[in-house]
Amino acid sequence: MNFRTIEQILTEQPSIDRKIKYRGKIFKLTKTAHDISHGGYSDLTRYTYQNEEEHQNLLFFCYKGKIVFVETELG
């Protein structure tokens, strides 16, 4: 399977994929939450991707179809 890199996703602003590749690791979409406030923005949608091997999460915060924040956290 071909996965887009995080750089491609941020550049292209595509629809959200179920799996992405970041720093050589595969992350799977595990949660979606709506009406989130973060960093001065409200009405965001948060997509949480998880890498089970590293117990690491990628969080994408989107507003009206555009990614406005990307964060990492240990799960």
Side-chain angles (χ1 to χ4, degrees):
M1 261 189 200
N2 286 336
F3 297 105
R4 291 200 309 262
T5 65
I6 192 168
E7 290 82 10
Q8 289 171 312
I9 289 172
L10 293 174
T11 301
E12 299 167 11
Q13 296 291 313
S15 61
I16 298 299
D17 292 332
R18 294 195 180 276
K19 292 182 183 180
I20 60 172
K21 188 173 188 177
Y22 175 64
R23 294 188 178 175
K25 298 176 181 96
I26 303 299
F27 288 78
K28 296 179 184 177
L29 181 63
T30 57
K31 295 181 199 171
T32 303
H34 301 284
D35 299 323
I36 303 290
S37 294
H38 185 73
Y41 289 86
S42 59
D43 196 29
L44 298 173
T45 301
R46 181 183 66 215
Y47 298 94
T48 303
Y49 288 84
Q50 184 177 49
N51 177 279
E52 294 174 359
E53 296 171 4
E54 299 287 326
H55 301 290
Q56 185 178 20
N57 293 334
L58 284 176
L59 307 174
F60 287 78
F61 293 88
C62 300
Y63 181 74
K64 295 186 179 181
K66 299 289 182 183
I67 298 170
V68 292
F69 294 104
V70 176
E71 296 180 359
T72 60
E73 69 177 14
L74 295 175

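This chain uses plain numbering: 1 for the first residue, then up along the sequence. Here the structure is a predicted model, which means the values were calculated and not measured.
- Using a 4.5 Å heavy-atom cutoff, the side chains of Lys28 and Arg18 are not in contact.
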Begin with the C-alpha distance, continue with both residues' side-chain angles, and end with the deciding distance and a verdict on side-chain contact (heavy atoms from CB on, under 4.5 Å) for Lys66 and Lys64.
CA-CA 6 Å; Lys66 299 289 182 183; Lys64 295 186 179 181; 5.8 Å; no
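- When each of Ile67, Ile20, Leu29 is checked for a side-chain contact (heavy atoms from CB on, under 4.5 Å) with Tyr47, only Leu29 meets the rule.
- Under the 4.5 Å side-chain criterion, counting only non-hydrogen atoms from C-beta, Tyr22 is in contact with Thr72.
- Rounding to the nearest 0.5 Å gives a distance of 11.0 Å between CD1 of Ile36 and OG of Ser42.
- Put simply, the side chain of Leu59 does not reach to within 4.5 Å of the side chain of Val70, judged on heavy atoms.
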Could you go through the side-chain contact (heavy atoms from CB on, under 4.5 Å) check for Leu74 and His55 one step at a time?
CA-CA 6 Å; Leu74 295 175; His55 301 290; over 6 Å; no
Run Arg46 and Thr32 through side-chain contact (heavy atoms from CB on, under 4.5 Å) and show every step you take.
CA-CA 6 Å; Arg46 181 183 66 215; Thr32 303; over 6 Å; no
Test log, rule side-chain contact (heavy atoms from CB on, under 4.5 Å), inputs Phe61 and Thr45:
CA-CA 6 Å; Phe61 293 88; Thr45 301; over 6 Å; no
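- Here the two rings, on Tyr49 and Phe60, have centers that are under 6.0 Å apart.
- Taking 4.5 Å as the limit, some side-chain heavy atom of Phe69 sits within range of a side-chain heavy atom of His38.
- Looking at Gln50 and Glu52, their side chains come closer than 4.5 Å, going by heavy atoms from C-beta outward.
- Of the possible donor and acceptor atoms, none in the side chain of Asn57 sits under 3.5 Å from a partner among the backbone N and O of Thr48.
- For the atom pair Ile26 CD1 and Asn51 CG, the distance stands at 8.5 Å (nearest 0.5 Å).
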